[in-house]
Every structure is written in structure tokens, then in C-alpha cells.
J.: 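Submitted below is the structure of interest, expressed as C-alpha cells.
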Protein chains: 2
Amino acid sequence: MAQKETVERILDAAEALFAERGFAETSLRTITSTAGVNLAAVNYHFGSKKALIQAVFERFLEPLVAEIDQRLSVLEQNPEKINVESLLRVLSSAIYEVHGRNTNRATAFMRLLGLAYTQSQAHVRNFIASRYGDAFQRYARLLKPALPGATDQELFWHTHFALGTAIFTMSNFDALRAMAMNDTGHRGSVDFIVSNLTSFMAAGLRNASHDDA
Amino acid sequence: MAQKETVERILDAAEALFAERGFAETSLRTITSTAGVNLAAVNYHFGSKKALIQAVFERFLEPLVAEIDQRLSVLEQNPEKINVESLLRVLSSAIYEVHGRNTNRATAFMRLLGLAYTQSQAHVRNFIASRYGDAFQRYARLLKPALPGATDQELFWHTHFALGTAIFTMSNFDALRAMAMNDTGHRGSVDFIVSNLTSFMAAGLRNASHDDA
DNA sequence: AACCACCATAAACAATCGTTTGAAACTTAC
DNA sequence: GTAAGTTTCAAACGATTGTTTATGGTGGTT
């Protein structure tokens with residue numbers, strides 16, 4: 001009868017609602033009712049709300065990290081092409097590949113990433129760190145020779161500056177576009193914004209180490 | 001008996017707890033108990049939890065915006081000194097002036113700013129926008145001639161990229177420093193991080209418009 | 001048919017939430 | 001010292017939270 005498995009219906013609803021309102025602000029009852037399933041289904045299939053949150057992240061990160069890993073392997077076969085821009089493009093194109101033109105899904109994912117940082121939810125951060133820490137370290141190893149002047153400390157901080165720029169922008173994507181429409185008269189196309197975001201990050205990464213105050 | 005007014009005790013506790021856990025995750029009972037006041041005091045003095053949240057922001061933003069305004073006025077008297085770096089320094093030094101060496105307070109403020117964006121809490125965003133929108137527009141007017149090549153659209157987005165970088169970094173300040181200690185062996189001094197953050201933002205703002213992919 | 005593992009359902013559970021109440025305690029002024 | 005006004009207090013309110021339970025139904029195996 002159920003066209004989609006109950007588990008997936010729950011994950012779909014939870015993903016959208018978490019991204020929209022946050023974890024604590026989303027009750028299991030609103031999740032199950034928008035998913036069209038029984039309230040008890042969450043605890044039956046996932047065990048707890050915390051486990052559901054982690055499952056949402058897992059479904060999201062698993063294919064994305066795999067896609068990034070594959071693209072990094074391709075890039076490593078042409079070492080002369082490794083630079084800041086190509087490394088950043090691995091990320092943006094991986095997201096684009098996994099979620100296609102579905103920007104709703106992509107911005108939902110970014111909002112969730114931002115929530116994982118901003119909301120205390122330590123179990124989420126620990127889950128992500130233990131699960132996908134290796135992928136992040138591999139990326140950092142490739143980025144290092146692309147920024148020859150930087151120390152390890154600078155590399156760490158500039159990477160997280162760039163990460164923060166992307167997460168903040170994407171997680172507030174709709175709100176920012178609405179504000180842009182108000183202030184400038186243009187919403188800005190997705191390509192325009194992503195392209196500007198990428199060059200902002202690249203410029204920051206490249207030049208921050210050389211601009212001593 | 002009470003050394004500090006009940007109102008201020010509540011605001012102190014709420015500020016710290018909100019920054020640490022978020023709005024929905026912080027109950028009035030934990031606020032009042034850590035403040036050492038009665039539960040009913042919040043509703044008596046503020047009216048509701050929403051009003052308390054806004055009061056926390058008001059106490060924080062009022063002196064900061066005043067300080068920024070004054071520094072902008074000083075800067076405007078020497079128009080030749082207006083550039084990206086000096087404008088960014090207005091912000092960082094204003095925060096530094098208002099909260100002194102109390103980095104706890106400063107990072108709490110940034111976390112709150114991030115929460116205002118990330119958590120849906122529309123009433124918070126509306127409150128801030130209606131209250132301090134003018135200050136932001138004044139800043140944008142000064143920033144525009146400092147980035148001569150940029151269009152209005154680019155100016156808007158690059159400004160919010162930079163804003164996102166700062167908010168994300170500062171709002172996760174402690175967590176990031178802990179990670180830095182893990183990865184690099186150094187926590188990084190506040191001055192080091194702020195200086196790197198500033199040059200990252202300046203480089204992004206300045207060069208993003210010229211790096212077309 | 002009988003059994004079985006699996007899943008959906010309605011109902012209830014205890015805990016916690018923001019808010020309200022009415023009386024006690026305090027401060028201030030005359 | 002008494003009255004009025006302000007603040008604090010313990011207790012309770014109804015609503016909502018995550019979770020559990022007990023009951024039924026379903027499809028497949030023997």
C-alpha cells in the first residue's frame with residue numbers, strides 16, 4: 001500500500017522539517033503527521049529522536065562523501081591541476097551531482113550542516129566527526145600544497161573560514177536571496193551566487209596569509 | 001540582599017545559556033535556577049520568553065551599535081582613510097571596546113547572532129532588522145566606494161559572505177579552537193585568529209569581483 | 001490451517017514546557 | 001505604624017514533549 005517505505009517517508013519529512021526549524025523545534029508528531037505515518041513508527045524504526053537525526057545526516061553525507069572521494073581520486077591523477085579553485089570545484093560540483101538541480105535539497109543539507117555546528121547537539125557533531133573525519137583530512141592534505149606559503153595553523157583556520165562562509169551562505173540561502181531582492185532588486189541566480197561564493201573563498205584562502213596587518 | 005538586580009541576573013544567565021544551547025533548548029527553569037531567582041520572575045519582568053530573548057539582544061546590540069556609529073563618524077572625517085581594512089577594523093575594535101578582554105562575552109554575542117540567523121525564530125530576526133537596520137545600511141554606504149569595481153549585487157553578496165565568515169567563526173569559536181589544538185597542536189591566540197579572519201575577509205571582499213572563473 | 005516474524009495502530013505514560021495564580025514578603029511614603 | 005505599591009514565592013495550570021505498551025493486522029513458511 002505504502003508507495004514509499006515508511007522509513008524513507010519519515011526521513012524525507014524529518015530532513016525538510018529539521019532544516020526548516022531546527023531539531024528541538026521539530027516534534028516527532030509533526031514529522032510523523034507530515035510523513036503520513038504513525039507516531040510510534042519513529043521509535044520503532046530508529047529507536048529514538050537522536051538516532052533519527054543521525055540517520056538523516058547519514059543518508060545525506062554517505063553519497064556526498066563518496067562522490068567527493070571519487071572526484072579527489074580523479075584529480076589526484078593529474079597533480080598539476082590541483083589548486084585552490086579545482087579543489088573548491090570538487091565540493092560544489094559534488095553537491096551539484098548528488099542533488100542535481102534540486103536546490104531545495106542542497107540548501108536543506110547546508111542548513112543541517114550549519115545546525116550541526118550551531119545547535120549544541122553534541123551527539124550530532126561527534127557522529128559526523130567520527131564518521132567522516134577521514135574524508136576531511138584527505139581534503140586538507142590535498143589543499144596544503146595548493147597554499148604553499150601557509151603554516152599548519154593558517155591552513156586550519158583559513159579552511160574553516162571558507163567552510164563557514166559556505167555553510168552560512170547556503171544555510172540561509174532563501175533568506176539571503178529575499179534580502180538581496182529587497183536591497184538590489186535582483187534575487188541573483190544560483191550560478192551567479194555560487195560562482196561569487198567560490199571566488200570569495202578562493203581569494204580569501206589564497207591571499208589571507210600574505211596580507212599581514 | 002540581591003547584589004545585582006533580578007532583571008540583570010536573568011539577562012546574564014539567559015545570555016550565557018542561550019549562546020550555549022540555543023533558544024528552544026534552554027528552559028526558563030534552568031535560566032531562573034542558574035540566575036538564582038524564582039521561576040515566575042521572567043514572566044513578571046519580561047512578560048514572556050520571546051520578550052526575554054529580545055531583551056537579551058537589545059542589551060547586547062545597543063552599546064555595540066552606538067560604538068560602531070561613533071567610530072564610523074570619526075572615520076568619515078578622514079575620508080582618505082576609508083578602505084576595506086579600516087572598515088573591518090571598525091567592527092572588530094568596536095566589539096573589543098565594548099566587551100573588553102572578555103572573550104566569553106564576545107563569543108556569546110556572536111553565537112547569539114548566528115542563532116538569530118540559523119534558528120527560525122522569525123521574531124528575533126524581525127526585531128533586529130527593525131531596530132538596527134539603519135546602522136547596517138550606513139555601513140554598506142561606506143563600504144561601497146571602498147570596493148570600486150563591484151556592482152550592487154556583488155557588494156550585497158560579498159558583504160554577506162564576509163558576515164557569514166565572521167559569524168560562523170566566532171559563534172563556534174571555542175569548538176574551533178579545540179579542533180585546532182587537536183589538529184595543529186596550537187589553540188591559536190585570539191589576536192592571531194582575529195587578524196587572520198580580518199585578512200581573509202578583506203581578501204575575499206577585494207578580490208572576489210576580479211577573479212572570474 | 002497454524003505458526004511466525006514483522007509492522008502499523010491507538011492509547012496511555014511520565015516528564016517537561018511556558019505561563020498563571022494568590023498569597024507572602026518587602027520597600028517606600030506619609 | 002499603617003497603608004499602598006512592588007517584588008518574590010510556592011504551587012498549580014493546561015499543553016506538548018519523547019517514549020512505551022498492548023492490540024491487531026499482514027504476508028510468508030511449514
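Here is how names work: the chains are called A, B, and so on, in the same order as the sequence lines, proteins then strands, and each is numbered from 1.
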J.: Centre of B:Phe60's six-membered ring, under 6.0 Å away, within 45 degrees of the axis: is that where NZ or CZ of B:Arg105 sits?
T.: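 Verdict for B:Phe60: a cation-pi partner in B:Arg105.
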J.: Let me know the distance between CZ of B:Phe46 and P of C:dT20, rounded to the nearest Å.
T.: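 To the nearest whole Å, that distance equals 16 Å.
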J.: Could you check whether A:Arg111 makes a cation-pi contact with A:Phe173, meaning its NZ or CZ is under 6.0 Å from the centre of the six-membered ring and within 45° of the ring axis?
T.: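 No, A:Arg111 does not sit over the ring of A:Phe173.
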J.: Distance check needed: D:dT21 C1' versus A:Leu39 CG, whole Å only.
T.: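 Spelled out: CG on A:Leu39 to C1' on D:dT21 is 13 Å.
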J.: Rounded to the Å, how far apart are B:Ile53 CD1 and C:dC17 P?
T.: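 That distance rounds to 14 Å.
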J.: Measuring to OP1 and OP2 of C:dC7, would you say a side-chain N or O of A:Thr6 lies under 4.0 angstrom away?
T.: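 A:Thr6 to C:dC7 OP1/OP2: no side-chain N or O under 4.0 Å.
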J.: Under 4.0 Å, counting only non-hydrogen atoms across every strand here, what does A:Thr30 touch: a base, just sugar-phosphate, or nothing?
T.: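 No contact at all - A:Thr30 keeps every heavy atom at 4.0 Å or more from the nucleic acid.
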J.: If you pin B:Arg29 and B:Ala41 to their nearest nucleotides in DNA chain D, which one's is more 5'?
T.: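 The 5'-side residue here is B:Ala41.
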J.: Hey, are A:Arg138 and A:Ser73 close enough side-chain-wise for a donor-acceptor pair under 3.5 Å?
T.: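 A:Arg138 and A:Ser73 do have a side-chain donor-acceptor pair below 3.5 Å.
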J.: So what does B:Thr32 touch, heavy atoms closer than 4.0 Å: a base, only the sugar-phosphate, or nothing?
T.: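 No contact.
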J.: I need the CD-C1' distance between A:Glu5 and D:dT26, as an integer number of Å.
T.: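 Atom-to-atom, A:Glu5 to D:dT26, this comes out as 14 Å.
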J.: Please check the phosphate of D:dT6 (OP1 and OP2 only) for any side-chain N or O of B:His45 closer than 4.0 Å.
T.: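 Checking D:dT6 against B:His45, no side-chain N or O comes under 4.0 Å of OP1 or OP2.
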J.: Could you state the CD1-P distance from B:Ile31 to C:dT16, rounded to the nearest angstrom?
T.: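 It is 17 Å, rounded to the nearest whole Å.
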J.: Is any side-chain N or O of B:Asn43 closer than 4.0 Å to OP1 or OP2 of C:dG18?
T.: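 For B:Asn43, the contact criterion (side-chain N or O under 4.0 Å from OP1 or OP2 of C:dG18) is not met.
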J.: Go through D:dG18, C:dG18, D:dC9 for me and flag the one nearest to the B:Ala40 side chain.
T.: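 For the B:Ala40 side chain, the nearest candidate turns out to be D:dC9.
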J.: Taking the minimum atom-to-atom distance to the side chain of B:Tyr44, which one of D:dT19, D:dT8, C:dT19 wins?
T.: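 Nucleotide nearest to B:Tyr44's side chain: D:dT8.
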J.: Find which nucleotide of DNA chain D each of A:Asn38 and A:Ser27 is nearest to by heavy atoms, and output the residue with the more 5' nucleotide.
T.: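 Here A:Ser27 is the residue nearer the 5' end.
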J.: Within the distance-only criterion (no hydrogens, no angle test), does the side chain of A:His186 pair as donor or acceptor with the backbone N or O of A:Thr184 below 3.5 angstrom?
T.: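 It does hold such a pair.
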